[in-house]
Amino acid sequence: MNIILITTIISSLFLFIGAAEPLASYLRLPYAVIIACLGILIGVAAAFFLHTDLTDALNPVAEAILALPIRSNVFLYVFLPTLVFQVTLGLNLRRMADDWVPILVLAVVAVFVATFVVGYSLAWVSSLTLSSALLVGAIVSTTDPSAVVSIFRSISAPRRLARIIEGESLLNDAAAIALAALFLEYVRAGMPDPSVQDALARFPVLLLGGVVTGWLAARIAIWIMTMFARYELAVISVSIALPYLAYIVAEQSVGASGVIAVVIAAMTLQLTGPRRLPPPTWKNLQDVWDLLAHWAGALIFVLAALLIPRMLETVQLRDLALIMVVVAAAIAARALILYLLLPLLTRLGLSPVVQRPYRVAILWGGLRGAVTLSLALAVTESALVPVDIKRQVAILATGFTLFTLLVQGTTLRWVIGWLGLDKLSRLDNALYHQVIAVALQTVRADLAKVTESYDLTKETVRAEAKRFGERLDVAVKSADDATDIPDRDRVTLGLIALSSAERDAIVDRFRDRTISSALSERLLSDADALIEASRFNGRSGYNMAARRSLGFGLWLRPAIFLHNRLNWSTPLANITSTRFGLLLSQRLILRDLHAFIDGRIRRIHGRRVAELLHVMLDRRIELIEQSLDGLRLQFPGYAEEMERRIIRRTALRLEEREYDTLLEDGLIGEEVHSALTRDIGARRDRAEAAPPLDLALQKIELARRFPLFSEMEDAVLMRLAHALKTRYVSVGEVILHRDNGARRVYFVASGAVELSFAGQSWRLGRGEMFGQMGLLMRRPQRVEVRAIAPTTLLVLDEDRFLRLLKRSKVIQQAFFDSARKRGITPEQLSPKVRKLSMQNQPEAAGPTEAEADPPARHNAAGGTVGVGEKLGS
C-alpha cells in the first residue's frame, strides 16, 4: 500500500479526532459516541464510494481505508496497553485502596455474572453451543463507563462512587479478556460443553502470573529510570516501553493476563516513581501519557468502528432477535450486581451507599466499545473457529456494541436529567446564590477603585455602575430567599471548603518544592479523604478522617516485625522518616488555613461557623504537635534535621524565584541564569534526600533518658537497647488484657496509657512503666492497659528482664523498693526473684516500708507502678 496514502489517511483521522471533542460538547453527547459514529460514517462512506458508479476518483482512497491493516492484535497489543497504563497512572491509588473490596467484587464478579447470564441465555434460545455462547458472553461483559464517570464529575457526584466505577472498568477489561481467551480455546478445540470449574480454576493463575510479571517489569524499569533520573527524555522513553514489554511478556512468555501485568506495572510506578524521580520529570511523564492515551483512545474507537459495516454485512432478521436477547441478558446481569450485590456490600460496610438515581444511571451507562469489538475481531481471525460461529460472534458483539453506543449513549444525558442528577441540591442551590451575592459585593468595591484610574466619562461609569447594582440587587434578593441553610449544613459546607483549601495549599507547596512528590501524594490523599468524609458525615466525619491521617498505616506492623525479629530496620526507618515529614508538612499547611477561614469562610457562612472551624483546626494542630513531640522524644535530634530540610528547600525556592525575576528584568542573561539554575539543581538534589535515621542509635539515646538506665555503662546500655523491642500503639488499642499470660515489662517512651483494675483507673505517661509486678509475682495479671494517645513503648521480655535484674544492683533496688511500697511480701514473689529480693532486704532494724507506708492504691494484683512513680524512684 502507498505509504503516502496511508500517511494521508492517518493524518485525516487526527483531524476527525480533533473535531470530535468540540462536537461532542456542542451536541451534549459522550465523546466515545461521537468518535464511534465518525468511524462508522467513514467506513460506510468508503464502502459506498468503492461500489458506486457515480465516480471512480475516490476509489484509491476508499480501497486504502477498507484495506487498512486492522487486526485484533493491533488493538490488543498497541492501543490497549496505552489506555490501561495511563488510566492506572492517573488513579488515586491510596484512596482507591480504601474501596478495594467493592472494586474487586464488581470488576470480577460482574464479569462472571454477565458472561454466564448472557451465555446461558443465548445457548437456550439459539443453536450456538454452550462454549460459543459463553464466548459471546465474555466478549460483551466488559464495560466502558467513562461517559458516566465524566458526567458524574460534572455534577459533583461522590468521588468515592466515581473511583469505584473507574476501578471496575479498569479491572473488568482484564477479567473479560482472560475469560474470552479461555472460552475461545474451548471453541477451537471443539468442546461444546466446557467445564466451568476448569475455567474458574485457571483464572487465578492468569491473574497471579500477570501480577508477578507486571511488578517485576516495573521494578526493573524504575531501577533504570533512577539511573537516568537527570535525563528527562530518557526516563519518559523507558516509561513508554514498560507497558508494552510487560503486556507481551505476560501474554507470550508467561501465559498470564497482559492487562493485569500492565495495571500492576502502572500501580508500582505510580507508588514508587514520585519518590525516585524529580518532580518536573514526573509531571512531564504524566502529561506525555495523557496525550498518548487521548490519541490511542480515539484511534481505537475510530478503527474499531471502521470494522462495523464489514462485520454486519451478513446480518439477518433472526440475528436482530438474538442481539436483543444479548441486550436484555446483559442489562439483567448488570441489574443483579447493582440491586443485589451492591446493597449487600453496603450492609457489610464494604461499599458506599449507592442511591437509586445513581444505580439507574450506572445501569443505563454500561456502554461497550473498542475492547468488545477487538475481542470479536480476534474470533473472526482464528482459522480454527467454524465459519458459522465466527459470523454469529461478530454480528452479536457488533450489534450489542452499536445498541449501547447509539441507544444508551445518546440517551444517557437525558436519563441523567430525568433522574435529576444534573441539578443542584437544595443546600448547594442556597450556597450558590449566597456565594454570588458575596462575590459581587467584593467585585463592586474593587471595581470602583479600579475604574478611578481609567479616566472614563462619568456617564459611562454611572451607567455601568447602575447596571451592576441592579444585578447585585437581584443576587442579594436571591440569597435572602435562600438563607434557610441550617447551621449544621453551614458547618459541613465550611469544612468542605476548608479541606479544599488545604488541598490547594498542598499543591502550591509541591509546586514550590517545599514538600516532595511522595509526601504531597500522601497529603493530597488525606485531603481528599477529609473532603469526602465532611460531605457525608459533617463534623464527625471530618474529625475521624483527621485522626486517621495521624495513624501509623498498615505497613507499620510488618516493618516492626522485620526490625524486631530479623534486625532489618530499613522499612521502619523509612516509615518513621515519612511520618516526620508528613507531620511537619501538615503543621506548616494547617497554620496558614486560619487566614482562609477569616478571609473567605466567615464572609459566606458567618462568625459562628468560622469560630467553630478555628477551634477544630486548632485541635488538629494540637494533635499534630503531640505526635511530633512524641517523635522528638523518641528520636532526639531527628525532627530538627527534618525542619532544617524544609528551611533549606524553601530557601532554594526563594533563591530560584529571585534568579527568574532577574532574568525577566533583563539584569542577567540566559547563560548566567542557566549556570545559576544548575547550581540550584545540584543543591536541591542534596536537600531532597531525607536525613538517614539510625534506629539503633536512636534507641540507645532514648533508653539513656530513662532515669533507671541513666547510670549504666555504654556497653551494657547498648546490649539493653538491642534487647528492648519497640511497639507503636494507636489510640484505643488494648496493650494488656485481663488475665493475660504474656509476661513482659513495658516502658512508656512517649504518649500515655490508662490502666483499669477493680473499677478504678490510673494513667501513666512518658518515663513510667507497667507490667513488672505481674512478671515478678506468681499470680497472673488482672489489669487491663489501653492507650489513650498515640504511644510508643519499649518492651522487655521476661528472660531478658530477669537477666537485667540480676546484673544491675540499681535496678534491683528500684524494683524491690517499689514492691515493698505496695506491701508485697517475699512469699508473693516468684521463686526466680525471691532470692534476689532477700538479698535486697534493708539491713537496719525497724519497721519495713510496707509497715511505714500503707499499700498503694494499685496493689500487687494490678502489676504496675503507682500514678506518677518514675522508673528511677
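Bear in mind the structure is a predicted one, so any value in this text is a computation, not a measurement.
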Inset, instruction - Evaluate whether atom CZ of Arg587 has more than 12 neighbouring non-hydrogen atoms of other residues, nucleotides or ligands under 6.0 angstrom away. - result: yes
Legend entry - Heavy-atom check, side chain of Arg620 versus side chain of Tyr542, under 4.5 Å: yes
Legend entry - Under 3.5 Å: donor-acceptor pair, side chain of Ser525, backbone of Arg522: no
Legend entry - Ala546 versus Ser549, closest heavy-atom pair with distance: O-OG, 2.5 Å
Legend entry - Minimum heavy-atom distance between Ala505 and Ile589, given as atom pair plus value: CB-CG2, 3.8 Å
Legend entry - Within-4.5 Å side-chain heavy-atom neighbours: Asp526 and Ile506: no
Inset, instruction - For residues Phe85 and Pro243, report the shortest heavy-atom separation together with the two atoms involved. - result: CD1-CB, 3.6 Å
Inset, instruction - Can you establish whether the number of heavy atoms outside Met227 located under 6.0 Å from its atom CE is more than 12? - result: yes
Inset, instruction - Kindly indicate whether the side chain of Ile264, heavy atoms from C-beta on, has any atom under 4.5 Å from the side chain of Met267. - result: yes
Legend entry - Under the side-chain hydrogen bond (donor to acceptor under 3.5 Å, both in side chains) test, residues paired with Arg678 that sit two or more places apart: none
Legend entry - Heavy-atom pair of closest approach, residues Arg602 and Ala610: CB-CB, 3.9 Å
Legend entry - Counterpart residues, side-chain hydrogen bond (donor to acceptor under 3.5 Å, both in side chains), relative to Asp660 (two or more places apart): His673
Legend entry - Residues in salt bridge (Lys or Arg N to Asp or Glu O under 4.0 Å) contact with Asp592, at least two apart in sequence or another chain: Arg509
Inset, instruction - Given salt bridge (charged side-chain N to carboxylate O under 4.0 Å, His left out), test Glu656 with Arg653 step by step and report yes or no. - result: CA-CA 5 Å; Glu656 187 177 39; Arg653 179 55 182 163; 2.8 Å; yes
Legend entry - Partner of Trp295 by ring-ring contact (aromatic ring centres under 6.0 Å, His included), out of Phe79, Trp289, Phe14: Phe14
Inset, instruction - Determine, step by step, whether Leu530 and Arg503 satisfy the side chain to side chain contact (heavy atoms under 4.5 Å, CB included) criterion, reporting the C-alpha distance in whole Å, the side-chain angles of both residues, the deciding distance to 0.1 Å, and the verdict. - result: CA-CA 10 Å; Leu530 287 171; Arg503 195 182 196 284; over 6 Å; no
Inset, instruction - Dump the intermediate steps for side chain to side chain contact (heavy atoms under 4.5 Å, CB included) on Thr661 and Leu667, then the final yes or no. - result: CA-CA 9 Å; Thr661 303; Leu667 298 176; over 6 Å; no
Legend entry - Residue pair Ile240, Leu292: steps toward the side chain to side chain contact (heavy atoms under 4.5 Å, CB included) verdict: CA-CA 10 Å; Ile240 292 175; Leu292 289 176; 4.0 Å; yes
Legend entry - Greater than 12 external heavy atoms within 6.0 Å of Tyr231's OH: no
Inset, instruction - Report yes if some heavy atom in the side chain of Phe228 is under 4.5 Å from a heavy atom in the side chain of Leu233; otherwise report no. - result: no
Inset, instruction - Look only at the side chain of Tyr244 and the backbone of Val78, and say whether a donor-acceptor pair between them is shorter than 3.5 Å. - result: yes
Inset, instruction - State, yes or no, whether a side-chain contact exists between Leu676 and Ile668 at a heavy-atom distance under 4.5 Å. - result: yes
Legend entry - Min side-chain heavy-atom separation Leu583-Leu550 under 4.5 Å: yes
Inset, instruction - Take atom OH of Tyr659 as the centre, draw a 6.0 Å sphere, and report whether it contains more than 12 heavy atoms from other residues, nucleotides or ligands. - result: yes
Legend entry - Exercise: identify the closest heavy-atom pair between Val238 and Ala221: CG1-O, 3.9 Å
Inset, instruction - Indicate yes or no: does Arg608 engage Glu611 in a salt bridge with an N to O separation below 4.0 Å. - result: no
Inset, instruction - Take Leu523 and Glu502, measure what side chain to side chain contact (heavy atoms under 4.5 Å, CB included) needs, and give me the verdict at the end. - result: CA-CA 9 Å; Leu523 292 171; Glu502 181 177 343; over 6 Å; no
Legend entry - Closest heavy-atom pair and its distance - Ser499, Ser534: OG-OG, 4.1 Å
Inset, instruction - Determine the sole option in Ile647, Leu652, Leu654 for which the side chain to side chain contact (heavy atoms under 4.5 Å, CB included) test with Thr650 is passed. - result: Leu654
